[in-house]
Amino acid sequence: MQPNKPGDTKRERISKAQQLTMVEVLIASLILGTCIVLATFLMKYIGFNARILTVKGEALNDYDQAIRDIGVCVDKDNNGRLTDDELNNCDPNAVNFQDVVGSLRYNVFEAMAQNGDLESVARKRNGSCYDEAGQRIDFNAAYNSAKDDTERKMALQAMKVCSALRVIPDALPALKNTEALMASLNQIFIVLGWEPESLAPRDDKIDVDIAGVEAIPVTLRVEGDGTTVLKVLDNIERSIREFNVRTATIEWNSAGISLQAQANAYYLDEMAPLEIDRVFRATETLKNNSTKKSVTDMKNEAMESVK
């Protein structure tokens, strides 16, 4: 064997140095790639959790606002937000109307209950609304001074019967009651001293465009001279109960005018609280994060979808 020449030893050392450098570069590349992947994952993880926390905060704010707008709980420190202690100690049945001024509860039982326009078209109060001296009982004060839930419930029920609020169930009942609807129409005819040729509810299913409102379809047939028919229609139109005439057929005969109409009366349907479910996926890109929708935006879209 020939001994290695100095040039061969130098080339061998350079080759080993190149191999070592390549290994170092490979290891550095793996470390850098791993760091990039971990950094990207952490950024997405942080962004995803930030989105969840943001939406949770918006949802809590919406619930808090709804509770205060309705007047369920009292914001005792007037800081514009219900604290945990205020929520834990909240008893909706014990809330004084004066403590929730501006809320839905206050506007209904204080403002609407004393509304002169509603009072002018409301039915007469029954005897239970007056005391022995003939003075109308202040059931708002009775509610505020009630000692237990039973007394409060009785006071609330009396307010609905004895205040201007009693016009509301006449105009838009909370339940479907076909018999009561027929009785309302019959009362109109009794006032006129006139008996209809026919009056009956229909079994048709009517779709109403207003969320939470359902219809009771009615068929009415009126025969008589023109003056009588106009009086009947005028009194139906003046009724506190809404009767929406959808179709009508008019014929002239020996008795005068024969009118057959199909109308709708309305009542409130049961409505569940509007809640929105939103799904967030960790695989969504950061770009989507900049175009996310808030809970308020989603709520508005949901409200538009039920109109």
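Side-chain contact check for D225 and T228: at least one donor-acceptor pair (N or O, by modelled atom type) lies under 3.5 Å. Donor-acceptor pairing under 3.5 Å is recorded for the side chains of Q65 and D69. With no hydrogens or angles considered, a side-chain donor-acceptor pair links N244 and Y266 at under 3.5 Å.
At least one donor-acceptor pair closer than 3.5 Å links the side chain of E86 to the backbone N or O of T83. Listed for the Q157 side chain is no donor-acceptor partner under 3.5 Å among the backbone atoms of K153. With hydrogens and angles ignored, the 3.5 Å screen pairs a side-chain donor or acceptor of D75 with a backbone N or O of N79. N107 contributes no side-chain N or O that, together with a main-chain N or O of A111, makes up a donor-acceptor pair within less than 3.5 Å. Formation of a donor-acceptor pair under 3.5 Å by the R51 side chain with backbone atoms of F48 is not found in this model. With R68 contributing its side chain and G80 its backbone, the two residues share a donor-acceptor pair below 3.5 Å.
Across S163 and R166, no two heavy atoms sit closer than the pair O-NH1, 2.6 Å. Shortest non-hydrogen contact noted between P173 and D170 is CD-O, 4.4 Å. Taking every heavy atom of both residues into account, E151 and D148 meet most closely at N-OD1, 2.8 Å.
Counting heavy atoms from C-beta outward, I36 and F41 have side chains that stay 4.5 Å or more apart. Side chains of V213 and Y267 form no contact here, defined as non-hydrogen atoms less than 4.5 Å apart. Here the side chains of K176 and I216 are in contact, with some heavy-atom distance below 4.5 Å. Taking 4.5 Å as the limit, every side-chain heavy atom of Q262 sits out of range of all side-chain heavy atoms of V245. Two residues are said to be in side-chain contact when any heavy atoms from C-beta on lie closer than 4.5 Å; Q114 and E119 fail this criterion. Counting only heavy atoms from C-beta outward, the side chains of L118 and M112 approach each other to under 4.5 Å. The closest side-chain heavy-atom distance from R202 to T219 is below 4.5 Å. Side chains of N144 and F139 form no contact here, defined as non-hydrogen atoms less than 4.5 Å apart.
R241 pairs by the salt bridge (charged side-chain N to carboxylate O under 4.0 Å, His left out) definition with nothing, not counting sequence neighbours.
Sorted by first then second residue, the disulfide bond (SG atoms under 2.5 Å apart) pairs that include residues 127-208, not counting sequence neighbours, are C129-C162.
Under the 4.0 Å criterion applied to side-chain N and carboxylate O atoms, D234 and R238 are assigned as salt-bridge partners. Look at E58 and K56 and you find no salt bridge, because none of the NZ, NE, NH1 or NH2 atoms lies under 4.0 Å from a carboxylate O.
To the nearest 0.5 angstrom, I67 atom CD1 is 11.0 Å from D62 atom CG. We find the CG-OH distance between L156 and Y143 to be 5.0 Å, quoted to the nearest 0.5 Å. In this structure, CG on L230 lies 11.0 Å from CG on N235, to the nearest 0.5 angstrom. To the nearest 0.5 Å, the span separating CG on D64 from CG on L87 amounts to 7.0 Å. One distance of note links CG of L82 with CG of L60; it measures 11.5 Å at 0.5 Å rounding. Note: T178 OG1 to M182 CE = 6.5 Å, rounded to the nearest 0.5 Å.
In this structure, I70 is not a member of the same hydrophobic cluster as Y63, with clusters built from ILVMFWY side-chain heavy atoms closer than 4.5 Å. Both W252 and V222 are members of a single hydrophobic cluster when ILVMFWY side chains are connected at heavy-atom separations under 4.5 Å. Linking Ile, Leu, Val, Met, Phe, Trp and Tyr whenever their side-chain heavy atoms come within less than 4.5 Å puts I250 and L233 in one cluster. Connection of V161 to V167 is not established within any shared hydrophobic cluster, with ILVMFWY side chains joined at heavy-atom distances below 4.5 Å, either directly or through further cluster members.
Centroid-to-centroid, the aromatic rings of F109 and F97 come within less than 6.0 Å.
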Return all side-chain donor-acceptor pairs below 3.5 angstrom for residues 88-95, not counting sequence neighbours, or 'none' if the list is empty.
| residue | atom | partner | partner atom | Å |
| --- | --- | --- | --- | --- |
| N88 | ND2 | D84 | O | 3.0 |
| N89 | ND2 | D85 | O | 3.0 |
| D91 | OD1 | N93 | N | 3.3 |

